Amino acid sequence: MAKKTFKWSNLYLLLVFALLYAPIMYLIFYSFNDGGTMTSFTGFTWDNYTAVFEDSRLMGIVLDTLLVALLSSLLAAIIGTLGAIGVYLVKQRKTRNTLLSMNNILLVSPDVIIGASFLILFTFIGFRLGFTSVLLSHVAFSIPIVVLMVLPKLQEMNPTMIKAAHDLGANNWQVLTKIVLPAITPGILAGYFMAFTYSLDDFAVTFFVTGNGFSTLAVEIYSRARQGVSLEINALSTLMFLFALILVVGYYFIQQYSINKKHKQQHGRKGKEAVTLL
């Protein structure tokens with residue numbers, strides 16, 4: 001009987017996750033505190049969560065944040081997918097690598113620089129800051145994420161399928177909708193969810209391009225936190241954490257469903273080939 005050996009890597013991972021999640025658990029724990037402070041737990045209460053839902057202004061900001069995240073991630077998914085297909089179709093390796101480098105630069109650029117750049121741009125052209133400026137900015141910094149998620153799926157795709165479709169008389173639109181998009185759907189979904197989460201918790205870019213009368217949750221939490229400790233912020237942050245957790249779990253099940261479906265299709269093809277050979 002084999003003995004289980006102790007692995008230091010498991011202990012290291014445990015410590016890393018403990019350090020990452022300990023502050024979040026601390027915040028969640030005190031969101032139920034009846035004392036109004038984060039120094040001592042005096043009793044359990046739901047009042048902090050009730051206060052969040054009774055705050056009409058805060059609920060309006062939540063809806064605005066979700067609307068921006070949904071629209072920006074949808075537009076970024078469409079534009080980013082088309083951009084990834086465009087990069088994939090570039091034949092010259094040097095040109096393709098240049099385009100990918102330009103895309104990756106936007107990924108690693110500090111959010112402060114991106115936010116300041118958009119602020120300068122909007123101010124220069126006389127664009128009014130508000131919902132539209134935040135939406136456009138979120139679409140812009142989400143597109144590179146979608147490209148990065150979709151491009152590997154395009155590279156995994158069998159190019160002979162596209163050639164065969166053209167040989168059979170399919171036009172470009174039919175090739176795109178019947179072959180390319182179904183093959184890269186997992187990448188598109190991954191890019192959409194990543195763009196949604198990035199937009200949902202973005203602060204630096206939004207802080208620069210938001211205007212009077214419009215705000216997002218990240219900016220609102222920052223503004224309230226500067227005024228002092230409020231357990232209502234803890235409750236709101238806890239709800240946002242749970243929402244993000246649900247998104248991650250939902251994406252995991254969607255991905256597993258896609259993988260299982262792909263495996264079933266492969267087994268089905270193998271079975272048909274075996275029957276044909278017999």
Side-chain angles (χ1 to χ4, degrees), residues 64-125 127-157 172-173 176-177 180-210 214 216-219 244 247-248 250-251 254-255:
D64 287 339
T65 302
L66 291 175
L67 182 60
V68 169
L70 288 170
L71 289 178
S72 63
S73 55
L74 178 61
L75 293 173
I78 296 172
I79 299 172
T81 300
L82 296 176
I85 294 174
V87 173
Y88 173 76
L89 294 177
V90 173
K91 301 300 181 182
Q92 296 181 353
R93 180 178 296 180
K94 186 176 181 180
T95 304
R96 185 168 64 250
N97 291 337
T98 301
L99 293 173
L100 287 176
S101 298
M102 293 175 64
N103 182 79
N104 295 336
I105 287 173
L106 295 175
L107 284 173
V108 299
S109 296
D111 289 343
V112 174
I113 295 178
I114 296 176
S117 300
F118 278 119
L119 176 61
I120 295 171
L121 174 64
F122 291 141
T123 304
F124 179 76
I125 64 177
F127 196 86
R128 184 179 178 182
L129 300 181
F131 174 83
T132 307
S133 63
V134 173
L135 177 63
L136 293 176
S137 300
H138 283 216
V139 170
F141 71 67
S142 297
I143 290 174
I145 301 170
V146 178
V147 173
L148 195 66
M149 293 293 177
V150 174
L151 198 56
K153 295 299 180 182
L154 286 167
Q155 294 169 346
E156 293 175 2
M157 187 174 58
N172 292 332
W173 176 252
L176 177 64
T177 55
V180 177
L181 289 181
I184 64 175
T185 296
I188 298 174
L189 290 175
Y192 176 84
F193 278 106
M194 287 293 294
F196 184 83
T197 54
Y198 267 73
S199 174
L200 199 63
D201 63 359
D202 177 76
F203 168 75
V205 177
T206 308
F207 184 78
F208 280 95
V209 298
T210 189
F214 182 81
T216 61
L217 273 177
V219 177
L247 285 179
V248 172
Y251 170 68
I254 291 174
Q255 192 177 40

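It should be emphasised that the depicted structure is a prediction, and the values quoted were computed from it without experimental measurement.
- At distances below 3.5 Å, at least one donor-acceptor pair connects side-chain atoms of S101 with backbone N or O atoms of N97.
- One finds the CZ atom of R128 at 14.0 Å from the CZ atom of F122 (value rounded to the nearest 0.5 Å).
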Worked check of side chain to side chain contact (heavy atoms under 4.5 Å, CB included) between S117 and I113: CA-CA 6 Å; S117 300; I113 295 178; 4.1 Å; yes

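- Within the 3.5 Å criterion, the main-chain N or O of I120 finds no donor-acceptor partner in the side chain of T123.
- Atom CZ of F193 has more than 12 neighbouring heavy atoms from other residues, nucleotides or ligands inside a 6.0 Å radius.
- Of all heavy-atom pairs between V209 and L119, the closest is CG1-N, 4.1 Å.
- Rounding to the nearest 0.5 Å places CG of L71 at 4.5 Å from CG of L67.
- Contact check for L154 versus V180: side-chain heavy atoms found under the 4.5 Å cut-off.
- Applying the salt bridge (Lys or Arg N to Asp or Glu O under 4.0 Å) test to every pair with at least one member in residues 143-153, sequence neighbours left out, gives these pairs: K153-E156.
- Looking at heavy atoms from C-beta onward, D64 lies out of side-chain contact with T216 at the 4.5 angstrom threshold.
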Between H138 and S73, does a side-chain hydrogen bond (donor to acceptor under 3.5 Å, both in side chains) hold up when you go through it step by step? CA-CA 8 Å; H138 283 216; S73 55; over 6 Å; no

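- Using a 3.5 Å distance cut-off with no hydrogens or angles, the side chains of S199 and S72 do pair a donor with an acceptor.
- The aromatic rings of F196 and Y192 sit parallel, their planes meeting at an angle under 30°, below the 60° perpendicular limit.
- Within the model, atoms CG of L106 and CG of L148 stand 11.5 Å from one another, a figure rounded to the nearest 0.5 Å.
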Walk me through it: do T132 and F127 pass the test side chain to side chain contact (heavy atoms under 4.5 Å, CB included)? CA-CA 9 Å; T132 307; F127 196 86; 3.5 Å; yes

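- Taking 4.5 Å as the limit, every side-chain heavy atom of V146 sits out of range of all side-chain heavy atoms of I188.
- Atom CG of residue D111 and atom CZ of residue F203 lie 10.5 Å apart, to the nearest 0.5 angstrom.
- Contact of the L176 side chain with the I85 side chain is registered, since non-hydrogen atoms from C-beta on lie closer than 4.5 Å.
- The distance from the CG atom of L200 to the CG atom of L70 is 9.0 Å, given to the nearest 0.5 Å.
- Other residues, nucleotides and ligands contribute at most 12 non-hydrogen atoms within 6.0 Å of the CZ atom of F207.
- The CG atom of N103 sits 9.5 Å away from the CD1 atom of I143 when rounded to the nearest 0.5 Å.
- A side-chain donor-acceptor contact under 3.5 Å links N104 to the backbone of L100.
- Checking Q92, K91, R93 one by one against T95, the side-chain hydrogen bond (donor to acceptor under 3.5 Å, both in side chains) holds for a single residue, Q92.
- Between F118 and F208 the shortest side-chain heavy-atom distance does not fall below 4.5 Å.
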Yes or no on side chain to side chain contact (heavy atoms under 4.5 Å, CB included) for L107 and I145, after CA distance, side-chain angles and deciding distance? CA-CA 7 Å; L107 284 173; I145 301 170; 3.6 Å; yes

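- In this structure a side-chain-to-backbone donor-acceptor pair under 3.5 Å is present from R96 to V90.
- For the residue pair T197 and D201, the shortest heavy atom distance occurs at O-OD1, 2.8 Å.
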